[in-house]
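Have a look at this one.
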Amino acid sequence: MHEMSLMESVIDIVCETARQHGATRVKSVRLNVGVLSHADPDALLFCYEAVRHGTIAQAATLEIKRVPGEGWCLDCAKTVALADRFGGCPDCGRHRVQMTAGDELRIRDMEVI
């Protein structure tokens with residue numbers, strides 16, 4: 001389960017960033033997780049519960065916002081919705097689409113004290 005290592009990294013980043021800014025406690029963490037990222041939000045939440053204990057983020061809530069898949073169709077010259085990582089353009093059907101969103105896992109923001 002790669003979600004465990006992802007959440008360990010998120011907690012490390014969150015705690016280090018909070019300490020660098022003089023915070024003693026993290027109240028909340030908000031993540032953007034792309035629907036094409038192969039990261040399961042339920043597994044991320046489960047792993048978050050396991051890895052936050054004993055850190056300054058142990059009482060922090062976690063909010064996950066799902067980011068839809070998008071790509072730039074080179075043939076249509078426009079942004080299109082992507083349902084699959086290597087899917088075709090929903091308008092022209094060609095597979096010359098460069099993914100522009102939907103595979104990220106990003107710390108959007110956090111609230112600290």
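What you see is a predicted model; the values in this text were computed from it and never measured.
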Pairing donors with acceptors under 3.5 angstrom, does anything connect the side chains of N32 and R106?
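Note: N32 and R106 side chains miss the donor-acceptor criterion.
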Where is the tightest heavy-atom contact between V29 and Y48, given as atom of each residue plus distance?
CG2-OH, 4.1 Å
Are the side chain of H53 and the backbone N or O of Q58 linked by a donor-acceptor pair below 3.5 Å?
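No; zero donor-acceptor contacts below 3.5 Å.
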Using atom types as modelled and distance alone, determine if a side-chain donor or acceptor of E104 lies under 3.5 Å from a backbone N or O of G102.
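Checked: pair present.
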Looking at CE of M110 and CG of L31, how far apart are the two atoms once the value is rounded to the nearest 0.5 Å?
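Going from the CE atom of M110 to the CG atom of L31 covers 11.5 Å.
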Kindly indicate whether the side chain of V10, heavy atoms from C-beta on, has any atom under 4.5 Å from the side chain of L62.
no
Sole residue of V35, V33, D40 in side-chain contact (heavy atoms from CB on, under 4.5 Å) with S37
V33
Report the distance from atom CZ of R25 to atom CD1 of I113, rounding to the nearest 0.5 Å.
3.5 Å
Would the number of heavy atoms belonging to other residues, nucleotides or ligands and lying under 6.0 Å from NE2 of H21 be above 12?
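Atom NE2 in H21 is not packed in, count stays at 12 or less.
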Is it the case that one hydrophobic cluster holds both L36 and V80, taking links as side-chain heavy atoms less than 4.5 Å apart, direct or via other members?
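Same cluster.
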Mind checking the CG-CZ spacing from D109 to R30? Nearest 0.5 Å is all I need.
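With rounding to 0.5 Å, CG (D109) is 4.5 Å from CZ (R30).
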T55 OG1 to E8 CD distance, which is reported to the nearest 0.5 Å
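Nearest 0.5 Å value for the OG1-CD distance: 11.5 Å.
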Same cluster (ILVMFWY, side-chain, under 4.5 Å), L44 and V26:
yes
Locate the shortest heavy-atom distance separating A18 from I56; write the atom from each residue and the value.
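In this case the closest contact between A18 and I56 is CB-CD1, 3.8 Å.
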Residue pairs involving residues 90-100 (criterion salt bridge (Lys or Arg N to Asp or Glu O under 4.0 Å); sequence neighbours excluded)
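Non-adjacent pairs meeting salt bridge (Lys or Arg N to Asp or Glu O under 4.0 Å): D75-R96, K78-D91.
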Indicate, with yes or no, if M4 and M7 share a hydrophobic cluster defined by side-chain heavy-atom contacts under 4.5 Å among Ile, Leu, Val, Met, Phe, Trp and Tyr.
yes
Among the clusters formed by ILVMFWY side chains lying less than 4.5 Å apart, do M99 and L105 turn up in the same one?
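Cluster IDs for M99 and L105 differ.
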What is the distance from atom CD1 of I13 to atom CD1 of I107, rounded to the nearest 0.5 Å?
4.5 Å
To the nearest 0.5 Å, what is the distance between NE2 on H38 and CZ on R85?
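Nearest 0.5 Å value for the NE2-CZ distance: 4.0 Å.
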